[in-house]
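Worksheet for the structure shown next.
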Amino acid sequence: MAERLLTLRELNRATLARQLLLERKRLSPKAVIERLVGLQAQWPSAPYVGVWTRTTGFRRSALERELASGAVVKATVMRGTLHLVTPRDYAILRAAMSETNFPWESSQAKLLEPSVRALADGRSVTAAEGVAHVEREHGLTGIHARRAWGAARLRAHLVHHHETALWDARPAARFVPLEEPEPHDPTEARAEMFRRYLAAFGPASRRDIVAWSMMHVPEVQRALDRLEPLRRFRDEHGRELLDLPRAPLPGNDAPAPVRFLPKWDNVLLAFSDRTRVLPEPYRKKVIGMNGDVSQTFLVDGFVAGTWRVETGRVRIEPFAPLAPSVRREVEEEAGRLEAFLT
């Protein structure tokens, strides 16, 4: 059977549906975080906006309770970046990323792991304390000590203290030991990781999966082989796209309401080809040379501008003139966001 071609708008609508950006759902923050395989958390308030824009009835205190209870943790996972994830997903993701060339898999990180784990036994540790420990106990200095601490901390499963993920987070990073994660077979864990990726971001190409996971293609392909049978499509450029059986594929005419996205939202970062949500002419306006990703808003499913908060008001900066009816919709959604932020 010939592979079905999916247009850009069909890919856009499929992604938005899976990202809860076509229709808000009444879900807990934990449920949203699991569904999206984590929420980017470099900017403390970003995950809160990310949950708000996808759900109904969300209050910031709900996420803060889950953080305080340990139902959600702030940890380094995909692409070496900070995400909010559940402990169950943390175990899967870290097992999936084992047997790779990530820094925490180095021989030095494995050597330092017990010492760093013991340092944080029963207490939180600051980065300065961690580096000083590595210098004192292991004779490393300068950048070598800082890098060794960073890799060993990840190897030892020290995650960020929940207070660093609160809406009004303390600026200094503190780390606490997470209970040793449940062991998983690495290839099986990768298969589960990619199944969850396709459920949240598919249909997607192998290059998209590599961009999201920062894993090598052989590691990716061996895991994908465990997921067969997969649906296969082609995009308008002829690239093969993979997807889960029976995953939603709304029509290209499905209505896409205005949505506001936080900094570093994964829907803008989880693909090699980001044009399914971020038009190429706007890419450099949204994603800086330093990797910073602006707060954006979507019109008809695609990034149409950025937003910022100024004197308590949400200010929009469209990349092109908006039709009067569209501008009203954007301003109404901006008003709802203001009410959430204050």
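- With hydrogens and angles ignored, the 3.5 Å screen pairs no side-chain donor or acceptor of R274 with any backbone N or O of L278.
- Here the OG1-CZ distance, from T275 to F302, works out to 8.0 Å after rounding to the nearest 0.5 Å.
- Under the 3.5 Å distance criterion, with hydrogens and angles disregarded, no donor-acceptor pair is assigned to the side chains of W104 and S106.
- Classification of R123 and E129 as a salt-bridged pair holds, one side-chain N sitting under 4.0 Å from a carboxylate O.
- Among F340, F58, W167, the one residue that satisfies the ring-ring contact (aromatic ring centres under 6.0 Å, His included) test with W52 is F340.
- Without hydrogens or angle criteria, D121 side chain to A118 main chain gives no donor-acceptor distance under 3.5 Å.
- We find that R13 and D253 are not joined by a salt bridge, their nearest charged nitrogen and carboxylate oxygen being 4.0 Å or further apart.
- Between the side chains of T15 and R276, a donor-acceptor pair is found at a separation under 3.5 Å.
- Using a distance-only test at 3.5 Å, with no hydrogens or angles considered, no donor-acceptor pair links the side chain of Q19 to the main chain of L36.
- Interatomic distance, CE of M97 versus CZ of R79, reported as 10.5 Å (0.5 Å rounding).
- Taking the charged nitrogens against the carboxylate oxygens, R18 and D243 do have a contact shorter than 4.0 Å, which makes a salt bridge.
- Hydrophobic clustering, defined by side-chain heavy atoms of Ile, Leu, Val, Met, Phe, Trp and Tyr closer than 4.5 Å, leaves L5 isolated from every other such residue.
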Next item on the list: Could you walk me through whether E182 and R88 pass salt bridge (Lys or Arg N to Asp or Glu O under 4.0 Å), step by step?
Entry: CA-CA 8 Å; E182 179 183 354; R88 184 182 74 89; over 6 Å; no
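- Dense packing is recorded around CZ of R234, with more than 12 heavy atoms of other residues, nucleotides or ligands lying under 6.0 Å away.
- Distance alone, capped at 3.5 Å, is enough to place a donor-acceptor pair between the T53 side chain and the F260 backbone.
- Distance NZ/K74 to CG/L178: 15.0 Å, rounded to 0.5 Å.
- Between E99 and R222 there is no salt bridge, since no side-chain N of the basic residue sits under 4.0 Å from a carboxylate O of the acidic one.
- Looking at T164, its side chain never comes within 3.5 Å of a backbone N or O of H160 through a donor-acceptor pair.
- Side chains of Q295 and R308: no donor on one and acceptor on the other come within 3.5 Å.
- Minimum heavy-atom separation, A14 to P203: CB-CD, 3.9 Å.
- E280 has no carboxylate O lying under 4.0 Å from a charged side-chain N of K284, or vice versa, which leaves the two without a salt bridge.
- Between the side chains of H83 and N266, a donor-acceptor pair is found at a separation under 3.5 Å.
- Remark: L298 CG to L268 CG distance equals 7.5 Å, nearest 0.5 Å.
- Side chain of S69 to backbone of E66: a donor-acceptor contact under 3.5 angstrom is found.
- Using a 4.0 Å cut-off between charged nitrogen and carboxylate oxygen, E64 and R60 do not count as a salt-bridge pair.
- Counting only N and O atoms by type, the side chains of T86 and E34 include a donor and acceptor under 3.5 Å apart.
- Contact of the L6 side chain with the D235 side chain is not registered, since no non-hydrogen atoms from C-beta on lie closer than 4.5 Å.
- Although no hydrogens or angles enter the test, the distance criterion places no donor-acceptor pair under 3.5 Å between the side chain of W307 and the main chain of R315.
- Between E192 and R195, at least one side-chain nitrogen of the basic residue sits less than 4.0 Å from a carboxylate oxygen of the acidic one, meeting the salt-bridge criterion.
- Screening L20, L63, L84 for a side-chain contact (heavy atoms from CB on, under 4.5 Å) involving V32 leaves a single residue, L20.
- Electrostatic pairing of D225 and R190 does not count as a salt bridge here, judged by no charged N lying under 4.0 Å from a carboxylate O.
- In this structure, Y197 has no side chain to side chain donor-acceptor pair (under 3.5 Å) partners at least two apart in sequence or on a different chain.
- Using a cut-off of 4.0 Å between Lys/Arg side-chain N and Asp/Glu carboxylate O, K110 and E113 are scored as not salt-bridged.
- In this structure, R153 contributes its side chain and L158 its backbone to a donor-acceptor pair below 3.5 Å.
- The minimum heavy-atom distance linking T187 with A223 is given by the pair O-CB, 4.1 Å.
- For E10 and R4, the salt-bridge test passes: some basic side-chain N is under 4.0 Å from an acidic carboxylate O.
- The pair R54-D265 counts as a salt bridge, with a side-chain nitrogen and a carboxylate oxygen less than 4.0 angstrom apart.
- Comment: R94 does not engage D89 in a salt bridge, judged by the lack of any side-chain N to carboxylate O separation of less than 4.0 angstrom.
- Other residues, nucleotides and ligands contribute more than 12 heavy atoms inside 6.0 Å of the CD atom of E228.
- Listed for the S213 side chain is a donor-acceptor partner under 3.5 Å among the backbone atoms of I209.
- One hydrophobic cluster holds both W264 and L21 under the rule that ILVMFWY side chains link at heavy-atom gaps under 4.5 Å.
- Of the inter-residue distances, the one linking T81 atom OG1 with Q42 atom CD reads 5.0 Å to the nearest 0.5 angstrom.
- The side-chain heavy atoms of P257 and E329, taken from C-beta on, include a pair separated by under 4.5 Å.
- The main-chain N or O of L241 is never found under 3.5 Å from a side-chain atom of R231 such that the two would form a donor-acceptor pair.
- The residues E310 and R313 are annotated as not salt-bridged, no charged nitrogen and carboxylate oxygen being separated by less than 4.0 angstrom.
- Classified by interplanar angle (parallel below 30°, tilted 30° to 60°, perpendicular above 60°), the ring pair Y90/H157 is perpendicular.
- Enclosure of atom CZ in R136 by more than 12 non-hydrogen atoms of other residues, nucleotides or ligands within 6.0 angstrom is indicated.
- Between T76 atom OG1 and F102 atom CZ the span is 11.5 Å, to the nearest 0.5 Å.
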